[in-house]
Every structure is written in C-alpha cells, then in structure tokens.
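The block underneath contains the structure these notes are about, expressed in structure tokens.
Since this is a predicted model, take the numbers as computed values, not measurements.
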Amino acid sequence: MYIFVLAGGMDNSNEPNIFVKKRLDKAIEIHNMSTNNIIIILGGGTYHKPPGLDSNNYVVHESTSCANYLIKKGVKADKIIREWSSYDTIANGYFAFLNYIVPFKMSECYIITSQFHINRTKTIFNYFNKLITNNNINLKYIETENIIENNILKTRLEREENSNNSFKKNI
C-alpha cells in the first residue's frame, strides 16, 4: 500500500511542525500493518516563508525533515520516498499523480493530512483523480487531529476555506 503524507511546515530547528508529526505518526501506524507499505512524503517547502537551512546553509526540504522523523521512529529509509518539488497543496496533488500514482500503477492509496486541511486536499486530489485517471484510483483520506492554537486554527480554517473555494472556481 502507498501512503501519501502531506508535509506542512517545519519549526525553527527544521523539525516537522507538531501537527505534521501527527500525520507522520498515523503514517507509521498504517505502514506497520504490512511489510510492503511505502510512505511518500509530499512537500518541498512553502511560499509563505524562507526555507529551513542546515549547518552548511543547504535547504532542508519539508519532505526531508519528515523522512528524518520517520527514520528516527524506526521506518526503514528504503520504505520512504521524498517529493520536494511541490510548494502547495495543488502541486502535492499534481506531483502525486504524475510522479507516483500513474507511473506506479496504483489502484488505491492513503492520503494523510490534518483535519483543518482535509477538505481542500480532497477537492484537489479528487480533481486530479478525475482529470488524470477518470476516477480509477481509490483514494482513502485520513485526517489527523488539529494540534494548533485556537486563534491560529480559526485563521487557518478561514484560509483553507477561501483557498478551497478559489480552487473550485478556477477549475
């Protein structure tokens, strides 16, 4: 089974944000159900802030930060794929289909993100599923709890709804 995890930012020490760690923990739970499961982490960074840099001033992509977290939790490196070209949810969906779902001939996969992000993720991935595969892929969505301060959550939910509505209007 293929398990897609949408990255969602890093803290100042290049660790995944706490709500992203919840997504990764859920991926580990599903991954551990079978020896054949592969985790694909989607995300290079964000347009909203500068990238994280390592001690040599090289960019640390969100997918790399997430992969490092998974490895520390016991997931073998050969069971992790990192995608670092996407810098937003639309690109997450686009690159998931064009780089993995279609070439790997997937028939179903899990897509994991936070509760506050699930509606827009479904809209985007369902759109690409219809556009690219004529809805031939069984997409199983899993949402993780919102671990975010209430005032930030409220702003984030409003932004997600506006972005979701804008995407629907534009497609």
Side-chain angles (χ1 to χ4, degrees), residues 2-28 31 38-73 75 77 80-101 109-128 139 141-171:
Y2 294 94
I3 306 159
F4 289 91
V5 181
L6 280 73
M10 301 179 298
D11 63 21
N12 292 332
S13 63
N14 295 328
E15 287 287 317
N17 285 329
I18 188 74
F19 59 87
V20 177
K21 288 179 179 178
K22 279 292 190 189
R23 299 174 188 180
L24 296 168
D25 291 340
K26 180 54 79 174
I28 292 168
H31 174 270
I38 300 290
I39 299 173
I40 303 170
I41 306 162
L42 302 171
T46 179
Y47 300 117
H48 303 292
K49 70 178 201 174
L53 301 175
D54 68 14
S55 60
N56 295 312
N57 284 325
Y58 290 109
V59 170
V60 177
H61 294 106
E62 291 179 5
S63 60
T64 300
S65 173
C66 292
N68 290 339
Y69 177 85
L70 292 171
I71 291 167
K72 286 178 193 171
K73 294 283 191 166
V75 178
I80 302 169
I81 298 173
R82 297 174 299 123
E83 178 278 319
W84 55 83
S85 299
S86 59
Y87 277 70
D88 61 24
T89 309
I90 297 169
N92 290 157
Y94 180 77
F95 288 120
F97 275 88
L98 291 187
N99 292 338
Y100 306 105
I101 294 172
C109 57
Y110 290 100
I111 300 167
I112 302 173
T113 193
S114 301
Q115 184 181 32
F116 67 80
H117 189 234
I118 197 74
N119 289 335
R120 187 160 62 104
T121 299
K122 285 179 179 180
T123 298
I124 291 166
F125 276 74
N126 288 343
Y127 169 74
F128 285 120
L139 303 175
Y141 296 98
I142 297 175
E143 62 185 51
T144 58
E145 65 183 297
N146 294 327
I147 301 194
I148 219 170
E149 294 177 32
N150 282 338
N151 59 330
I152 296 171
L153 178 60
K154 182 180 180 213
T155 302
R156 188 68 189 254
L157 286 169
E158 289 171 2
R159 194 178 95 200
E160 288 293 327
E161 183 178 358
N162 290 338
S163 295
N164 194 21
N165 289 336
S166 177
F167 182 79
K168 287 176 184 177
K169 178 183 171 190
N170 289 328
I171 60 171

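Of the candidates P16, S65, S63, I41 forms a side chain to side chain contact (heavy atoms under 4.5 Å, CB included) with just one, namely S63.
When every heavy atom of P51 is checked against every heavy atom of V59, the shortest pair comes out as CB-CG1, 3.8 Å. Closest approach of V5 to I39, counting heavy atoms only: CG2-CG2, 4.0 Å.
Put simply, the side chain of T46 gets close to the backbone of H48: a donor and an acceptor are under 3.5 Å apart. Although no hydrogens or angles enter the test, the distance criterion places no donor-acceptor pair under 3.5 Å between the side chain of Q115 and the main chain of T144. Side-chain atoms of R23 come within 3.5 Å of backbone atoms of A7 as a donor-acceptor pair (strictly under, hydrogens ignored). The backbone N or O of Y58 sits nowhere less than 3.5 Å from a side-chain atom of N56 that would complete a donor-acceptor pair. A donor-acceptor contact shorter than 3.5 Å links the side chain of S163 to the backbone of R159.
Classified by interplanar angle (parallel below 30°, tilted 30° to 60°, perpendicular above 60°), the ring pair Y127/F167 is perpendicular. Ring geometry for F125 versus F97: interplanar angle of 30 to 60°, hence tilted. Relative orientation of the F116 and F19 rings is perpendicular, given thresholds of 30° and 60° on the angle between their planes.
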Open item on the list: Let's go through Y94 and F128 carefully: what are the C-alpha distance in whole Å and the side-chain angles of both, what is the deciding distance for side chain to side chain contact (heavy atoms under 4.5 Å, CB included) to 0.1 Å, and is it a yes or a no?
Closed with: CA-CA 7 Å; Y94 180 77; F128 285 120; 3.8 Å; yes
Task: Residues N170, S166; criterion side chain to side chain contact (heavy atoms under 4.5 Å, CB included); working and verdict - done: CA-CA 6 Å; N170 289 328; S166 177; 3.5 Å; yes
- [ ] Check the pair K73 / H31 against side chain to side chain contact (heavy atoms under 4.5 Å, CB included), numbers first and verdict last.
- [x] CA-CA 12 Å; K73 294 283 191 166; H31 174 270; over 6 Å; no
- [ ] Show your working on side chain to side chain contact (heavy atoms under 4.5 Å, CB included) between I3 and I38 and close with a plain yes or no.
- [x] CA-CA 6 Å; I3 306 159; I38 300 290; over 6 Å; no
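Look at K72 and E15 and you find a salt bridge, because one of the NZ, NE, NH1 or NH2 atoms lies within 4.0 Å of a carboxylate O, short of that distance.
One finds the CZ atom of R82 at 11.5 Å from the CG atom of L70 (value rounded to the nearest 0.5 Å). Within the model, atoms CD of E160 and OG1 of T121 stand 7.0 Å from one another, a figure rounded to the nearest 0.5 Å. Atom NZ of K169 sits about 14.0 Å away from atom CG of N164, to the nearest 0.5 Å. Annotation: the span from I148 atom CD1 to R156 atom CZ amounts to 6.0 Å, rounded to 0.5 Å. Note: I101 CD1 to I40 CD1 = 7.5 Å, rounded to the nearest 0.5 Å. Here the straight-line distance linking atom NZ of K22 with atom OG of S114 works out to 10.5 Å at 0.5 Å rounding.
Around the CZ atom of F95, the shell of radius 6.0 Å holds more than 12 heavy atoms that belong to other residues, nucleotides or ligands. Within a 6.0 Å sphere centred on CD of E149, other residues, nucleotides and ligands contribute 12 heavy atoms or fewer.
Looking at D25 and Y69, their side chains do bring a donor and an acceptor atom within 3.5 Å of each other. Between N126 and Y141, the side chains place a donor N or O and an acceptor N or O closer than 3.5 Å (distance only, hydrogens not considered).
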